[in-house]
Protein chains: 2
Amino acid sequence: MAEYNPLPLLLVSEQLAKLPGIGMKTAGRLAYHMLNMPEEEVAHFATTILEARRSVKFCKTCQNFTEQEECSICGDEQRDHKVICVVEAPKDVSAFERAGGFDGVYHVLHGLLSPADGITPNDIRIKELMARLSGDVDEVIMATNPTIEGETTASYISRLIKPLGIKVTRLAYGLPAGSSLEYADEVTLQRALENRNEL
Amino acid sequence: MAEYNPLPLLLVSEQLAKLPGIGMKTAGRLAYHMLNMPEEEVAHFATTILEARRSVKFCKTCQNFTEQEECSICGDEQRDHKVICVVEAPKDVSAFERAGGFDGVYHVLHGLLSPADGITPNDIRIKELMARLSGDVDEVIMATNPTIEGETTASYISRLIKPLGIKVTRLAYGLPAGSSLEYADEVTLQRALENRNEL
């Protein structure tokens, strides 16, 4: 007997299964839920997503998502436009803003260099970052993740910027707050020791 | 500093986070992916889901999802319409059809009784099942999951049907194929022993 699935369920599942991390099983469960939702709610769901995608732009300065030409952070006169914090994705901007304490501006790369995955400098927003450096910039903070791709990207960009005489810094490695020495991996522990501060 | 999230990202995340099992973190990751998808793909995603929801009907007989008045299984003359297999959801119909070996018809309850969650007999398709039993039916197989809700639902429906003189059966409990005795829980092992078959 062939696979039996009602067509509407199948069509919705297929769409959901295109999203990263959503397999056919989860997609089927979500599709079932959606077909049971009131039609107005599904319409709201579909139109919100489509409208958001249609209205989304990349900030002409920092490349973060925005609905205007320039995002609210880049347009904020109160912030220090001489310090640029370079991150992989919009969620990293949210993380810094949530943490607080940074009053500079950002640059969103939308990806990290990964030769293994065929992601080269032209695939991420490095050109756009370099274009910003002709202005008055004191420091570029490389705030990519402490992973192989994050490190590769940070050192690649750093090599491009240093000749311009602009200070390039990197986020500190160390023990995460609230963690336990016992469970820290060796690299983290070594870095925490190397980067120890005077009290 | 307040939470900072580009509005389009926030709107899409909010919609996705309404789905079961999708938290704000996963929703954010999916939303980011969707805003990076080509606009035509997002349009296809949104319209497919909305169209499917708009076109979906419940089979007038078995209550499974379908695009017609009656689903392809209920409309199939080759199947034995005297044997009705009662399941919780459309995905269970797919599971049986995939497994093969059953040539009767189904009845989809769209839920299980759960007094704790306030799900009473009127919330699932029991009335519709009872209406089918006035016809020529030999057997009703209760194929709800072997969980508390599944058992409760099976015995509730069974008590309604027995007075009609129709045979009511329940799926067998036992060891799953390919499993190991060592890891079987006590209830499963006891049931497998009780329901042992002669070789």
Side-chain angles (χ1 to χ4, degrees), chain A residues 1-9 11-12 14-16 18-22 26 28-37 39 41-57 59 64-67 71-73 89-91 93-94 96-103 110, chain B residues 1-9 11-12 14-16 18-22 26 28-37 39 41-57 59 64-67 71-73 89-91 93-94 96-103 110:
Chain A
M1 231 170 277
E3 173 86 15
Y4 177 80
N5 254 315
L7 186 63
L9 199 59
L11 290 174
V12 175
E14 271 174 1
Q15 291 303 317
L16 292 167
K18 286 182 184 171
L19 300 177
I22 307 278
T26 304
R29 196 169 45 79
L30 296 178
Y32 175 64
H33 177 87
M34 296 194 83
L35 290 180
N36 273 314
M37 272 161 65
E39 191 178 313
E41 263 182 55
V42 176
H44 182 61
F45 177 94
T47 51
T48 303
I49 289 174
L50 186 50
E51 282 310 306
R53 175 62 190 80
R54 282 192 173 142
S55 72
V56 79
K57 293 188 184 76
C59 168
N64 197 358
F65 288 137
T66 174
E67 287 187 299
C71 78
S72 60
I73 293 177
K91 67 177 185 302
V93 174
S94 310
F96 275 110
E97 291 298 296
R98 210 160 41 229
F102 178 66
D103 74 340
H110 290 283
Chain B
M1 232 169 277
E3 173 87 16
Y4 177 80
N5 255 315
L7 187 63
L9 199 60
L11 290 173
V12 175
E14 270 174 4
Q15 291 302 319
L16 292 167
K18 285 181 185 172
L19 299 176
I22 307 279
T26 304
R29 196 170 45 78
L30 297 177
Y32 176 63
H33 177 86
M34 297 194 83
L35 290 181
N36 272 316
M37 273 162 64
E39 190 177 314
E41 263 182 55
V42 176
H44 182 61
F45 177 93
T47 51
T48 303
I49 289 174
L50 186 52
E51 282 310 305
R53 175 62 189 83
R54 281 192 173 142
S55 73
V56 79
K57 294 188 184 75
C59 168
N64 197 357
F65 288 136
T66 174
E67 285 187 298
C71 79
S72 59
I73 294 178
K91 68 176 186 301
V93 173
S94 309
F96 275 110
E97 291 298 297
R98 209 160 42 228
F102 178 68
D103 74 340
H110 289 282

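Not measured: the values here are computed from a predicted model. Because only heavy atoms are used, hydrogens play no part in the values below, and waters and symmetry mates are left out as well, while side chains stay in. Reminder, nothing fancy here: chain letters follow the sequence lines and each chain counts from 1.
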As an exercise: rank V12(B), L9(B), V42(B), V56(B) by heavy-atom pairs under 4.5 Å with chain A and give me the winner. V42(B)

When heavy-atom pairs shorter than 4.5 Å are enumerated against chain A, which of K91(B), E41(B), H44(B), E14(B) gives the highest number? H44(B)

Interatomic distance, F65(A) atom CZ to L35(B) atom CG [nearest 0.5 angstrom]: 4.5 Å

When only pairs under 4.5 Å are counted, which of A31(B), P20(B), P90(B) shares the most heavy-atom pairs with chain A? P20(B)

In terms of heavy-atom proximity below 4.5 Å to chain A, should T26(B) be classed as side chain, backbone, both, or neither? neither

Looking only at heavy atoms and a cut-off of under 4.5 Å, which of A52(A), C59(A), A99(A), A89(A) has the most pairs with chain B? A52(A)

Given heavy-atom pairs under 4.5 angstrom as the criterion, report whether the side chain, backbone, both or neither of I22(B) touches chain A. side chain

Of all heavy-atom pairs between E39(A) and L50(B), which one has the smallest distance, and what is that distance? O-CD1, 4.4 Å

Answer key: most heavy-atom pairs under 4.5 Å with chain B among N64(A), L11(A), T48(A) is T48(A)

Out of L7(B), T66(B), T47(B), V93(B), which one racks up the most heavy-atom pairs below 4.5 Å with chain A? L7(B)

Contact summary for H110(B) and Y32(A), nearest pair of heavy atoms: ND1-OH, 3.1 Å

